Amino acid sequence: MDLPKNFEPQSFENEIYSEWESKGYFRPEVDHDKTPFSIVIPPPNITGQLHMGHALNNTIQDIIIRHKRMQGYSTLWLPGTDHASIATEVKIVDKLREEGLDKETIGREEFLKRAYEWKATYGGKIVKQLRRLGSSCDWSREAFTMDERCSKAVREVFVNLYRKGLIYQGSRIINWCPHCETALSDAEVEYDEKAGFLWHIRYPYADGSGYLIIATTRPETLLGDTAVAVNPKDPRYTDKIGKMLKLPLTDREIPIVADDYVELDFGTGCVKITPAHDPNDFEVGLRHNLEVIRIMDDSGVINENGFAYVGLDRDEARKKIVEDLEKLGLMEKIEPYTHNVGECYRCKAVVEPIVSKQWFVKMDELARPAIKVVRDNKISFIPERFSKTYFNWMENIKDWCISRQLWWGHRIPAWYCPECGEVIVEKEDPTCCPKCGCKEIHQDEDVLDTWFSSALWPFSTLGYPDNTEDLNYFYPTNVLVTAYDIIFFWVARMIFSGLEHMGQIPFPEVLIHGIVRDAKGRKMSKSLGNGIDPLELIDKYGADALRFSLTTGVAPGSDIRFSEDKIEPSRNFLNKLWNASRFVLMNSEGKVLPKIGSFRYTPADKWILYKLNKVTREVNNYLKKYELGMANAALYDFIWSDFCDWYIELTKPALYSDNEKAKCETLAVLTYVLKQILKLMHPFTPFITERIWKECGEESTIMLAEYPAYSKKHNFVEDFNKFESIKEIIRSVRNLRAEMDVPVSKKLNLYVVTNDQRYVAKNASYVMKLANVEAVNFVASKADVTEKSVSIVASESEVYIPLGELVDVEKEMQRLSKELKVMEGEIKRSEGMLNNPGFVAKAPKQLIENEKAKLQANSEKKAKLLERIEELKNM
RNA sequence: GGAGGCAUAGCUCAGCUGGGAGAGCGCUUGCCUUACAAGCAAGAUGUCAUAGGUUCAAGUCCUAUUGUCUCCACCA
């Protein structure tokens, strides 16, 4: 045996992982005699560092995949990374800026070169970190959203959708990030409540007959106003509809139009209409045929349409415009006003809605079947409530803006002919315009939304569009594991993409987990500096402890508050397992153990085998339902309380005896239970279990050992219950010792009155060892115990313990009275139920029988307690 | 405005299909008992948010209320 006294994960985790990987245990075969089981990883961004969210997400996947692998499935966990178009580009631009450079100066080619270098340097980092966590991913199949295979899939899908008319180009109002200088999809905009103002501005009538007051939160957009709208039913303004207004600070005149969009009871009832910079105004503009005047360039600076404000940044322009309006006496009032402001999800800059020509995916047709498969339970969310989130999004979905004015990503495969204006979208790069033969065609400058490629992940990584063996065997995947915050970005898009391009759902189950928060319940973020680095935790406590703590006390879908003190109990638990193993191994050294089942079990053996069997069934059931927190708790309790605290202690009389046969048989059971425990635990804590497994003399890896399953052979329910009565005696003696202040060192003498003397006698050694008892004597009745003693009333027996002068009658009286009170409470409860005619008539029979039995037993106990109390009174 | 979560021991949270309130940490007491002090043994601690309802039976199901968090929408 070669295990140090304390569990030191640092000394073996990396070595074990390398061995697993090099021996190819993570790599499945396409084996048609086996059932495939596959998961694709939610690809982390190449810009990413492993954070607690990744740790949780991948721990869950690894538990699922290891369980299935041990159950004999051909198991694939396909890893990879995401190029993260915006996030990466932002980082590279920042780096350029530090060098005093920018994108335009170095040009597209050089930029991409740098991006690939960046990917080579940092992109592998997170993948290494995933290994440290123990993730059993098949790295030979590792994918990247911009690798050749995925890019081919993107091209295929784009062209197919374009040909079907599901991808189109159009000038529409979109979300624009002036910092990243790109369009964003609706999902990429985050709204944050901000304190601002509601400015009330006077718009004079062109004919000089007074003014109207409009209210706005963005006065600078006034420069692009092309109308003021009122509600047609608003009596205040019905006669004004059609009149012209003089637009302040400009030389333009704009009409008053009537539109239902205007609410009667908000603000002044008049809304300035800026079609180029507000989605609602854009719609109003379309209805009234209004001019669309863009007043800002791509970086948020006022353009040539801005009169005196040309060249000002949008914030400066706002300030100046407010000032000028005040000077002109056109500012009616300024009210404080909190409202939601849209921000870029990457850089947090305030998003500017602008009209721009972009590429879109038409969503109606794609969304419909994607809703149906969830509706029909072809795909289910776990927990189920997240399907509501999904429906809500899918049923209100708008067309998806997929073009980004960035360079890092899949370049849009569209070419334009300068001669005839033809747009060419083909699977192969065209060299000339097929219509007019012009050779000067040029490719669209933009790239695709990152999520366009991740939407294809479950099949692009398996070889789509080629008809590969992997794709045939492993698609659809079995379950997708992700946090709820990317249901829209990713899960929804994978579902409609899978249906559209593969004709099949990408996965039947979506397991949703929560977000890892800090001790105060806040999201972990760089800006708050409240993040916990999982790698530091792994260094300090080991990956197993981290993994185990992440599944402790968690329910599917709910957030986890995590702080370092949560990991310690897990580490302690693993140390416990470690030392229990040491105990078994130390005692087995140099011994040849009989085969399990080839000898008679002791009562304690049967007790632990029954419990082991029970926990085996529970863990399998919980894993099947992805109740990892429940499985975790079941294992924790069994290993610590049942195996260590009870069974190991119970084996000591035999192990320390001279009976070599009994010793070896006991060790055989201990070893068997330990190995079953290691296998049960392995998906949760892969490293420690492998380490001990090897120490048990196993040649092969535990990773590929068969996962324990429920066995009818070990269903010793009667033996189990019987042995519980022995445990009860032990517990009672210990309790009595503590309550009566009897020193632990003092050996006790027991006088037992029982109706099953044979059984108690057979188990006397356990009582002696575990309760520090000198002798267990049997007597016919209490009358045979002449010394001054205290007593225990257990279910099958009464135990008298002569304590001589140590007996404190007062104390003993109190102790018995307390027990009596508890018993009376129990009896009252049982009687209440059994005297209730409704209960007796309607409750399940088994339950009634159980209750009757309890009442019977408790009444007997009560009677004995009363007897004892009477006796004490006479002492 | 719409949707959803949560409210259980001092703290952090479990509690599956209704049937005697649980864990970890913390706390009290006693222990270096030849696997483990990262430990052992024995304890204490709960109007299961509030009010109704369904039921023989409710922490669990239904309704309302309060508090709290989140997502979606975006009325200038």
Side-chain angles (χ1 to χ4, degrees), chain A residues 3 5-7 191 198-199 214-218 221 229 261-263 265-274 278-281 337 339-342 383 385-386 388-389 391-393 396 484-485 487-488 514-515 519 521 541 549 552-555 557-563 565-566 568-587 621-622 625 627 629-630 632-633 636-637 644-645 648-649 652 656 731 734-739 741-745 769-772 825-826 829-830 832-833 836-844 847-848 850-851 854:
Chain A
L3 297 178
K5 185 171 148 185
N6 277 336
F7 159 61
Y191 290 89
L198 195 55
W199 282 275
I214 59 92
T216 180
T217 54
R218 298 194 304 153
T221 61
Y261 152 69
V262 181
E263 300 284 328
D265 50 4
F266 186 87
T268 59
C270 303
V271 183
K272 61 192 276 302
I273 302 297
T274 324
D278 183 281
N280 291 307
D281 293 8
Y337 186 66
H339 60 135
N340 280 330
V341 177
R385 65 171 185 273
F386 288 104
K388 276 188 189 158
T389 316
F391 289 135
N392 193 286
W393 161 266
N396 298 297
Y484 54 73
D485 56 348
I487 292 178
F488 306 135
I515 286 171
Y541 300 94
S549 66
T552 295
V554 294
S558 53
D559 289 349
I560 301 172
R561 279 189 203 208
F562 199 91
S563 53
D565 56 347
K566 287 254 163 101
E568 242 178 271
S570 296
R571 190 270 316 262
N572 293 352
F573 170 63
L574 295 179
N575 187 54
K576 189 75 182 172
L577 174 60
W578 183 264
N579 275 291
S581 309
R582 283 180 68 226
F583 175 83
V584 176
L585 292 165
M586 279 165 81
N587 282 290
N621 286 341
Y622 287 136
K625 292 187 286 180
E627 299 261 11
M630 296 294 284
N632 172 303
Y636 184 99
D637 281 351
C644 294
D645 289 347
I648 284 186
E649 294 306 316
K652 285 179 179 174
Y656 298 159
R731 242 193 320 254
R734 286 169 169 176
N735 170 276
L736 179 134
R737 196 192 275 279
E739 290 208 21
D741 290 329
V742 179
V744 210
S745 53
K769 171 75 187 160
L770 271 63
N772 196 24
E826 282 300 298
R829 194 185 54 80
S830 293
M833 284 170 88
N836 180 338
F839 176 76
V840 180
K842 294 186 180 176
L847 194 74
I848 299 173
N850 290 349
E851 210 52 49
K854 276 185 225 165

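Chain naming here is simple, since letters A, B, ... match the order of the sequence lines and numbering starts at 1 in each. If you're wondering where the values come from, they're calculated on a predicted model, not measured in any experiment.
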Task: B/S/- contact track for nucleotides 21-29 of chain B, protein heavy atom under 4.0 Å - done: ---S-----
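The side chain of A/R582 has B/rA35 as its nearest neighbour among B/rG19, B/rC13, B/rA35. For A/K272, counting side-chain heavy atoms from C-beta on, the closest listed nucleotide (B/rA35, B/rA38, B/rA76) is B/rA76. When each of B/rA35, B/rC16, B/rG19 is scored by its nearest atom to the side-chain atoms of A/K625, the top-ranked nucleotide is B/rC16. When distances run from any side-chain atom of A/K388 to the nucleotides B/rA35, B/rC40, B/rG4, the shortest one goes to B/rG4. Each of B/rA35, B/rA76, B/rG15 was ranked by its minimum atom distance to the side chain of A/Y337; first place goes to B/rA76.
Using a 4.0 Å heavy-atom distance criterion, A/V262 is classed as a base contact. Among the protein residues, A/I648 comes within range of the nucleic acid bases, having at least one heavy atom under 4.0 Å from a base atom. Residue contacts shown for A/E649 include a base, since a base heavy atom lies under 4.0 Å away. Nucleic acid contact for A/G553: sugar-phosphate only, since backbone atoms but no base atoms lie under 4.0 Å from a heavy atom of the residue. Among the atoms of the strands shown, none is found under 4.0 Å from any heavy atom of A/K769. At a threshold of 4.0 angstrom between heavy atoms, the contacts of A/A843 include nucleobase atoms, whether or not backbone atoms are also involved. Looking at heavy-atom distances under 4.0 Å, A/A215 makes contact with a base. Within the 4.0 angstrom heavy-atom criterion, base atoms lie near A/R829. Residue contacts shown for A/S558 are limited to sugar-phosphate atoms, with no base heavy atom under 4.0 Å away. Contact annotation for A/N340: base contact, defined as any heavy-atom pair under 4.0 Å involving a base atom. Here A/P844 lies in heavy-atom contact (under 4.0 Å) with a base. When heavy atoms are screened at a 4.0 angstrom cut-off, A/C644 is found touching base atoms of the nucleic acid. Residue A/Y191 is in base contact, counting any heavy-atom pair closer than 4.0 Å across all strands shown.
Judged by distance alone, with hydrogens and angles left aside, A/R734 brings no side-chain donor or acceptor close enough to the base of B/rA42 to form a pair under 3.5 Å.
A/K566 and A/T552 form no side-chain donor-acceptor contact under 3.5 Å, judged by distance and modelled atom types alone.
Taking atom C1' in both B/rA58 and B/rC31, the straight-line distance is 43 Å, to the nearest Å. A distance of about 45 Å separates the C1' atoms of B/rA76 and B/rC61, rounded to the whole Å. Remark: the separation of the C1' atoms in B/rG18 and B/rA57 is 8 Å, to the nearest Å. Taking atom P in both B/rG5 and B/rU17, the straight-line distance is 14 Å, to the nearest Å. Taking atom P on both nucleotides, B/rC36 is separated from B/rU45 by 34 Å, rounded to a whole Å. The gap from the P atom of B/rC25 to that of B/rU34 amounts to 23 Å, rounded to the nearest Å.
Put simply, CG on A/N575 is 10 Å from P on B/rC36, counting in whole angstrom units. Rounded to an integer number of Å, the gap from A/E263 CD to B/rA76 P is 10 Å. Residue A/F266 contributes atom CZ, which lies 11 Å from atom C1' of B/rC74 at whole-angstrom precision. Across the protein-nucleic acid pair, A/N392 atom CG and B/rG4 atom P stand 10 Å apart, rounded to whole Å. The distance from atom OH of A/Y541 to atom C1' of B/rA38 is 10 Å, rounded to the nearest whole Å. Put simply, CG on A/N587 is 13 Å from P on B/rU34, counting in whole angstrom units. Distance A/F839 CZ to B/rA58 P: 12 Å, rounded to the nearest Å. Remark: P of B/rC71 and CD1 of A/I487 are 12 Å apart, rounded to the nearest angstrom.
With RNA chain B read from its 5' end, the first of the two nearest nucleotides for A/D278 and A/F583 is the one closest to A/F583.
Between A/F583 and A/K652, the shortest heavy-atom distance links the atoms CE1-CE, 3.7 Å. When all heavy atoms of A/L847 and A/A843 are compared, the closest pair comes out as CD2-CB, 4.4 Å.
Although no hydrogens or angles enter the test, the distance criterion places a donor-acceptor pair under 3.5 Å between the side chain of A/R734 and the main chain of A/L770. Of the possible donor and acceptor atoms, none in the side chain of A/N392 sits under 3.5 Å from a partner among the backbone N and O of A/K388.
Distances shorter than 4.0 Å separate none of the side-chain N or O atoms of A/Y484 from OP1 or OP2 on B/rG4. Here A/R385 does not reach the OP1 or OP2 of B/rG5: none of its side-chain N or O atoms lies under 4.0 Å away. For A/Y656 and B/rA35, the shortest distance from a side-chain N or O to OP1 or OP2 is below 4.0 Å. Contact check, A/K576 against B/rC40: a side-chain N or O comes under 4.0 Å of OP1 or OP2. Within the structure, a side-chain polar atom (N or O) of A/K5 is placed less than 4.0 Å from OP1 or OP2 of B/rA37.
Between A/F386 and A/Y484, the ring-plane angle classifies as parallel under the 30° and 60° cut-offs.
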Listed pairs, N/O of protein and of nucleotides 43-46 of chain B, under 3.5 Å:
from: B/rG43; atom 1: OP1; to: A/N735; atom 2: ND2; distance (Å): 2.3

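At least one side-chain heavy atom of A/F562 sits under 4.5 Å from a side-chain heavy atom of A/S549.
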- [ ] Using Watson-Crick or G-U wobble pairs with both distances under 3.5 Å, give me RNA chain B in dot-bracket, 5' to 3', with [ ] for crossers and | for pairs to another strand.
- [x] (((((((..((((.....[..)))).(((((.......))))).....(((((..]....))))))))))))....
